[in-house]
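First the proteins, then the strands, lettered A, B, ... as listed; each starts at 1. Computation of the quantities below employed the complete heavy-atom set of this structure, encompassing side-chain atoms and omitting hydrogens, waters and symmetry-equivalent molecules.
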Amino acid sequence: MRARTHFQKALVEVLSSMGVDWPEKTVIEPPKDKKFGDLACNIAMMSSKALGKKPRDVAESIRGKLLEGDADKIFSSIEVAGPGFLNVTYSPAFWQRQVQIVLDAAEDFGQCELGKGRKVQVEFVSANPTGPLHIGHGRGAAVGDSLARILRKAGFDVETEYYINDAGRQMLILGMSTYTRLQQLLGSDVELPEDCYKGDYIIDLAREIQDEHGDALRSMSEEELESICRQHAMTRILDGIKLDLKTFRVHHDIWFSEKSLVDAGKVEKTLSDLTAKGLAFEKDGALWFDTERYGDDKNRVLRKSSGDLTYFASDIAYHDDKYKRGFDLVVDIWGADHHGYVPRMKAAVQALGKNADDLEVILVQLVNLLRAGKQIAMSTRSGEFDTLSDVCAEVGVDAARFMFLSRKSDSHLDFDLELAKERSMDNPVYYVQYAHARICSLKAKAAEQGIKPSQVDMAALTGLDTEADIDMLRLLDQFPDTVESAAKNLGVHQIGYYLRDVASSLHRYYTLNPVLTAGDASLVTSRMMLLEAVAQVLRNGLELMGVSAPDRM
RNA sequence: GGGCAAUUAGCUCAGUUGGAUAGAGCGUUGGCCUCCGGAGCCAAAGGCCACAAGUUCGAAUCUUGUAUUGCCCGCCA
């Protein structure tokens with residue numbers, strides 16, 4: 001059993017014997033300072049009012065009952081400290097069993113029950129298929145994909161989705177851009193209209209059409225040509241996006257077409273439903289949604305006086321569709337410049353009969369692309385920007401993903417290409433991977449010497465009794481808590497910080513404690529098993545980030 | 001003008017239901033290769049958690065105000 005689980009269970013028993021309910025704000029956590037033991041709990045302060053006694057007195061009586069019930073001497077000490085904290089220290093034997101727990105669970109170690117099978121959808125990237133993915137999309141892709149992995153690990157039933165904006169004006173502009181480029185290739189002296197996409201990739205697409213259809217193009221009508229251009233451009237760009245994401249180890253279960261919503265009449269249906277409920281109304285020739293009643297600054301237009309639908313209208317229909325598919329929680333990952341869009345979307349969700357909390361929006365801040373400290377200018381309009389595939393090709397998928405996940409989503413990220421290639425602590429992906437490779441190297445060497453830890457009796461683990469051993473074990477025991485916390489707070493970056501801690505502990509352990517040359521045979525094998533458990537946790541953590549754990553570097 | 005977010009060591013950043021003496025990396029300074037991978041380790045210095053009030057046993061964390069910075073504010077997508 002894990003330490004926190006054990007402690008909580010023991011406390012619940014003691015409290016119920018005292019006739020007190022478990023206080024909601026009770027916290028059990030490893031204290032900042034090791035001298036306060038392995039775990040600290042504030043339960044005496046939390047329940048002192050209900051018992052009508054001083055926190056320290058409550059703590060003392062809880063302590064007594066805990067020790068009474070501890071027949072197997074799992075606790076090596078329980079202390080009352082400060083204002084009434086209960087600090088417990090576990091026996092070495094308890095910690096040594098963690099090796100077995102990790103090795104038995106193997107790739108499932110870290111799994112927890114937080115989600116209880118709740119259905120969650122994570123929708124991310126969803127870039128318009130009008131051009132290749134750039135580095136900003138890459139961050140959203142890394143965050144979304146990693147979040148899905150974490151939520152799965154935390155016991156949620158997760159589905160990932162990409163929403164394809166294939167119905168709006170952007171597609172017309174894309175078609176027009178390609179069409180114009182094609183005209184130019186055919187020798188016509190036309191200018192590219194102002195709002196068109198100017199990237200060179202559009203010229204490539206036009207050239208493909210030229211190669212495919214040849215002289216047949218000259219006999220086609222303008223409508224036919226535009227349609228061919230639009231179709232070809234969208235299909236090819238979407239294929240490119242799918243390929244980029246695959247290379248980036250990002251997976252979407254569902255690719256959902258906006259056009260399919262519109263064609264099925266679901267957008268119109270949603271609008272009439274809102275109108276029927278009295279939430280939408282006509283004004284100045286347009287149809288408005290009364291988002292103000294849900295706290296938005298102002299009401300929003302659903303259908304323009306021109307008759308065109310706004311994006312907001314199809315977004316509402318889209319989210320309605322999501323909930324009708326049975327998701328308990330919907331997570332949307334957006335660029336932070338869309339933060340003003342959150343209140344109206346939350347309003348829409350409530351109008352659909354759900355709670356505002358049934359939609360979580362993660363805002364991903366902009367990425368500053370740098371090279372050796374100097375900013376690289378990015379602009380889709382001029383067509384000069386760094387694509388995700390360029391960045392991956394230069395620094396590698398592992399470094400890119402780790403870098404994207406190295407900050408809270410909602411804070412700006414400086415992505416320095418030179419730094420991402422560097423092999424130093426500035427670039428922790430190598431630090432963490434190196435820790436794993438070191439263990440693998442030891443294992444290989446051990447195998448040469450005929451040491452096979454997997455066959456060793458668990459009793460040998462009693463040799464793991466130094467402070468360094470216990471520190472290591474305690475840290476491994478925190479992995480499931482880290483997963484749970486990352487899932488609960490949708491804080492994807494927490495995994496990377498934890499892994500840096502584990503790697504740091506491993507490097508220290510490795511430097512200060514001889515493993516293969518420890519002398520005593522059972523000590524050698526028990527240390528090998530400890531390191532095997534460390535490697536397992538590193539692998540599991542890196543897997544959550546979508547980063548590889550190489551055996552050799 | 002209104003709204004959202006941010007402000008923590010020289011730099012880049014962690015710190016989430018309020019907990020004990022505020023942490024990490026980089027950089028700086030000084031050490032560690034007879035030794036399983038030095039892409040490593042150890043140690044030191046470095047802080048008024050932007051500022052000011054408030055809430056309470058206790059505040060980097062919650063409330064209010066101020067300052068600075070970024071972003072958003074269309075019948076755009």
Check the distance between [N]'s [atom2] and [X]'s [atom1] and give it to me in whole angstrom.
| X | N | atom1 | atom2 | value |
| --- | --- | --- | --- | --- |
| A:Asp414 | B:C11 | CG | C1' | 11 Å |
| A:Ile439 | B:A39 | CD1 | C1' | 15 Å |
| A:Gln494 | B:C13 | CD | P | 18 Å |
| A:Trp334 | B:C4 | CH2 | P | 16 Å |
| A:Leu405 | B:A14 | CG | P | 13 Å |
| A:Lys34 | B:A20 | NZ | P | 18 Å |
| A:Tyr510 | B:C32 | OH | C1' | 15 Å |
| A:Met345 | B:C4 | CE | C1' | 18 Å |

Within less than 4.0 Å of OP1 or OP2 of [N], is there a side-chain N or O belonging to [X]?
| X | N | value |
| --- | --- | --- |
| A:Tyr430 | B:G38 | no |
| A:Lys408 | B:A5 | no |
| A:Lys443 | B:C36 | no |
| A:His507 | B:G37 | no |
| A:Ser411 | B:A14 | yes |

By the 4.0 Å heavy-atom rule, please label A:Thr26 as base, sugar-phosphate, or nothing.
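Base, at least one base atom sits under 4.0 Å.
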Which part of the nucleic acid, if any, lies within contact of A:Ala518, taking any heavy atom under 4.0 Å across all strands shown: a base, the sugar-phosphate backbone alone, or nothing?
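Answer is nothing: A:Ala518 stays at 4.0 Å or more from every strand.
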Starting at the 5' end of RNA chain B and moving along, which residue's nearest nucleotide shows up first, A:Asn513 or A:Ala503?
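Its nucleotide being nearer the 5' end, the pick is A:Asn513.
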Closer to the 5' end of RNA chain B via nearest nucleotide, is it A:Arg438 or A:Asn87?
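Looking at the nearest nucleotide for each, A:Asn87 comes out on the 5' side.
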Side chain of [X] only, please: which of [options] is the nearest?
| X | options | result |
| --- | --- | --- |
| A:Arg407 | B:C13, B:A39, B:C41 | B:C13 |
| A:Ala437 | B:A14, B:G37, B:A5 | B:G37 |
| A:Arg500 | B:C13, B:G25, B:G15 | B:G25 |
| A:Ala40 | B:A14, B:A20, B:G25 | B:A20 |
| A:Val27 | B:A5, B:C42, B:U17 | B:U17 |

Lys/Arg-Asp/Glu bridge criterion (N-O < 4.0 Å) met for [X], [Y]:
| X | Y | result |
| --- | --- | --- |
| A:Asp57 | A:Lys53 | no |
| A:Glu79 | A:Arg63 | no |
| A:Glu360 | A:Lys346 | no |
| A:Glu448 | A:Lys443 | no |
| A:Asp551 | A:Arg438 | no |
| A:Asp290 | A:Arg293 | yes |
| A:Arg169 | A:Glu258 | no |

In whole Å, what separates the [atom1] atom of [N] from that of [M]?
| N | M | atom1 | result |
| --- | --- | --- | --- |
| B:A20 | B:C72 | C1' | 42 Å |
| B:G37 | B:U17 | C1' | 44 Å |
| B:U28 | B:C11 | P | 15 Å |
| B:C49 | B:C57 | C1' | 22 Å |
| B:A22 | B:G47 | P | 13 Å |
| B:U63 | B:G18 | P | 11 Å |
| B:C13 | B:A60 | C1' | 14 Å |
| B:U16 | B:A77 | C1' | 34 Å |

Single hit among A:Tyr311, A:Tyr318, A:Phe124 for ring pair (Phe, Tyr, Trp, His ring centres under 6.0 Å) with A:Tyr163:
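For A:Tyr163, the ring pair (Phe, Tyr, Trp, His ring centres under 6.0 Å) check succeeds only for A:Tyr318.
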Ring centres within less than 5.5 Å and planes less than 30° apart: is that true of A:Tyr434 and B:G37 in this structure?
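Stack criterion not met.
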Does B:G19 have A:Phe85 stacked on its base, where the ring centres are within less than 5.5 Å and the planes differ by under 30°?
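Ring-base stacking flag not set for A:Phe85 and B:G19.
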For the residue pair A:Arg300 and A:Phe289, would you count it as a cation-pi contact if the rule is NZ or CZ under 6.0 angstrom from the ring centre and within 45 degrees of the ring axis?
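Relative to the ring axis of A:Phe289, which defines the angle, A:Arg300 lies outside at least one limit.
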Distance-only donor-acceptor test (3.5 Å): side chain A:Asn427, base B:A39:
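By the distance-only test, no, there is no pair.
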Check if the side chain of A:Ser441 and the base of B:G37 share a donor-acceptor pair of N or O atoms closer than 3.5 Å.
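For A:Ser441, whose side chain was compared with the base of B:G37, there is a donor-acceptor pair (under 3.5 Å).
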Across nucleotides 72-77 of chain B, 5' to 3', mark each nucleotide with B, S or - according to how protein heavy atoms within less than 4.0 Å reach it.
S--BSB
How would nucleotides 55-61 of chain B be written as a contact map, 5' to 3', with B for base contact, S for sugar-phosphate-only contact and - for no contact, using protein heavy atoms under 4.0 Å?
-------
Ring centers of A:Phe479, A:Tyr498 separated by less than 6.0 Å:
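Distance test on ring centres: under 6.0 Å, yes.
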How far apart are the closest heavy atoms of [X] and [Y], and which atoms are they?
| X | Y | answer |
| --- | --- | --- |
| A:Val502 | A:Met472 | O-CE, 4.0 Å |
| A:Leu499 | A:Met545 | CD1-SD, 3.8 Å |
| A:Met176 | A:Cys196 | CG-SG, 3.9 Å |

Syn/anti state for B:C33 [syn: chi within 90° of 0]
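Chi for B:C33 falls in the syn range.
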Donor-acceptor pair, distance only, cut-off 3.5 Å: does the side chain of A:Glu123 make one with the backbone of A:Val331?
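A pair under 3.5 Å: no.
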Verify salt bridge (charged side-chain N to carboxylate O under 4.0 Å, His left out) between A:Asp481 and A:Arg4, making sure each step is shown before the conclusion.
CA-CA 9 Å; A:Asp481 289 332; A:Arg4 211 171 70 137; 3.3 Å; yes
Can you tell me which stems RNA chain B forms when a stem means 3 or more consecutive Watson-Crick or G-U pairs under 3.5 Å?
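Stems found: B:1-7 with B:67-73, B:10-13 with B:23-26, B:28-32 with B:40-44, B:50-54 with B:62-66.
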